[in-house]
Protein chains: 2
Amino acid sequence: MGVSEEEQARLLARSTGWLLNDAARALNQRLEEALRATGLRWREYGVLVVLEEAGPLSQQEIGRRLAVDRSTMVHLVDVLEERGLVARGRDRADRRAYAIELTGAGQELLAHVLHPLTAEVHERFAGRLGRRDRAHLDRILGLLAAPPAGEGPA
Amino acid sequence: MGVSEEEQARLLARSTGWLLNDAARALNQRLEEALRATGLRWREYGVLVVLEEAGPLSQQEIGRRLAVDRSTMVHLVDVLEERGLVARGRDRADRRAYAIELTGAGQELLAHVLHPLTAEVHERFAGRLGRRDRAHLDRILGLLAAPPAGEGPA
DNA sequence: TATTGTTATACTCTATAACTATA
DNA sequence: TATAGTTATAGAGTATAACAATA
């Protein structure tokens, strides 16, 4: 009590959303910076990680998981293919689609360079938090990142 | 034990950072959507909020607080000025700089439309969390959003 | 008819560099 | 000389629409 609804709205607008944005921006900057030495962007690393987790996927499916349009995926995969990190295999069940897969070089780069690099950034970034806070944060963000009930993918 | 360093790195890379990004993106989408009815963008709302908090500021100072270049600020302020939400007053101490200030219309729009709108988005977005989780989240994000020691503004 | 990948195209966002007026 | 604002411009990044091959 003593705080009007308008004041509450003002305070709320100032809190979680802005902090979430600021924190995400701060982390992204650090990640881009760390990856710069490898010539890869954060998004490209994301493609590799998705493939590492899920195995061969079509370009469109990768895009779906990263919220990237299929037309945008073309150039993204081009870059990774030129560097020999992924290969455009054909999906034998549906010959319209590719089966984009990690090459050996891609797997090695992930394991020996990219993951350690990003892990170090995370370490420095989240290092200010205690273990309990980090666990809390992961759990809470997991709740927020999931789509709310009744709002699945199209 | 039983988890290699490489495996740890892989897991770590998969956790906080991605979640942070996903959550921020999800929230931003909802905010942009909610603001669309007002014809304002998330960034423009940000300018108004900064002015409401700090009082009249130069364009460059607003940009500093929002991580926006001064050349980019020009158009941003143009839009808000055309809509009558801010005014370009002159800083009497330094006549090179403007003193951008909220107009009465700007203050009213914030109080009666924009803050309630964004507060509702926050409410729906963070509504899945309990009160304790929300408090936790705000506190932890506050730690992360702050620049680490020895990395202040230029 | 619908879908995958592709291309051309356009649009948004942003920053860089050069200019002006003040300091 | 340095700084606030401005402008022109160019570079990312992205999406839309139309097309070929396949379903």
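Values in this document were obtained by computation on a predicted structure and should not be read as measured data.
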Discussion item. Looking at A:Thr103 and A:Gly84, would you say the former's side chain and the latter's main chain have a donor-acceptor pair under 3.5 Å?
Written reply: yes

Worksheet item: Are OP1 or OP2 of D:dA15 and a side-chain N or O of A:Thr72 less than 4.0 angstrom apart?
Response: yes

Worksheet entry | Interatomic distance where CG belongs to A:Leu66 and P belongs to D:dT14 [whole Å] | 11 Å

Discussion item. Hydrogens and angles aside, do A:Glu52 and A:His115 bring a side-chain donor and acceptor to less than 3.5 Å of each other?
Written reply: yes

Practice prompt. May I ask you to verify if any side-chain N or O of B:Arg43 is less than 4.0 angstrom from the OP1 or OP2 atom of C:dT14?
Written response: yes

Worksheet item: In whole Å, what is the span from the CG atom of A:Asp78 to the P atom of C:dG5?
Response: 12 Å

Item to complete: Kindly say if A:Gln59 contacts the phosphate of C:dT4, meaning a side-chain N or O under 4.0 Å from OP1 or OP2.
Response: no

Discussion item. What contact category does A:Arg88 fall into here, base, sugar-phosphate, or nothing, at under 4.0 angstrom with non-hydrogen atoms?
Written reply: sugar-phosphate

Worksheet item: What is the distance from CG of B:Leu57 to C1' of D:dA4, rounded to the nearest Å?
Response: 14 Å

Response to the item:
To the nearest angstrom, the OH-P distance between A:Tyr98 and D:dA20 comes to 16 Å

Practice prompt. Give a yes or no on whether a donor-acceptor pair under 3.5 Å exists between the nucleobase atoms of C:dT16, that is its base, and the side chain of B:Ser71.
Written response: yes

Practice prompt. Please determine if a side-chain N or O atom of B:Arg41 lies less than 4.0 Å away from the OP1 or OP2 oxygen of C:dC13.
Written response: yes

Worksheet item: Between A:Arg96 and A:Asp91, is there a salt bridge with N-O shorter than 4.0 Å?
Response: no

Discussion item. Within the 4.0 Å heavy-atom criterion, would you say A:Asp91 contacts the bases, only the backbone, or no part of the nucleic acid?
Written reply: nothing

Item to complete: Look at the side chain of B:Arg95 against the base of C:dT22 and say whether a donor-acceptor pair falls under 3.5 Å; ignore hydrogens and angles.
Response: no

Worksheet entry | Residue whose closest nucleotide on DNA chain D lies nearer the 5' end, A:Asp69 versus B:Ile100 | B:Ile100

Practice prompt. Let me know the distance between CD of A:Gln60 and P of D:dA21, rounded to the nearest Å.
Written response: 19 Å

Practice prompt. Return the value, rounded to whole Å, for the distance between atom CE of B:Met73 and atom C1' of D:dG5.
Written response: 11 Å

Fill in: Axial cation check for B:Tyr45 ring with B:Arg41, 6.0 Å and 45° limits
no

Practice prompt. Would you kindly give the CZ-to-C1' distance between A:Arg70 and D:dA17, to the nearest whole Å?
Written response: 10 Å

Worksheet item: Between atom CD in B:Glu44 and atom P in C:dT12, what is the gap in whole Å?
Response: 13 Å

Worksheet item: Applying salt bridge (charged side-chain N to carboxylate O under 4.0 Å, His left out), which residue pairs with at least one partner in residues 56-70 of chain A are found, sequence neighbours left out?
Response: A:Glu61-A:Arg64, A:Glu61-A:Arg65

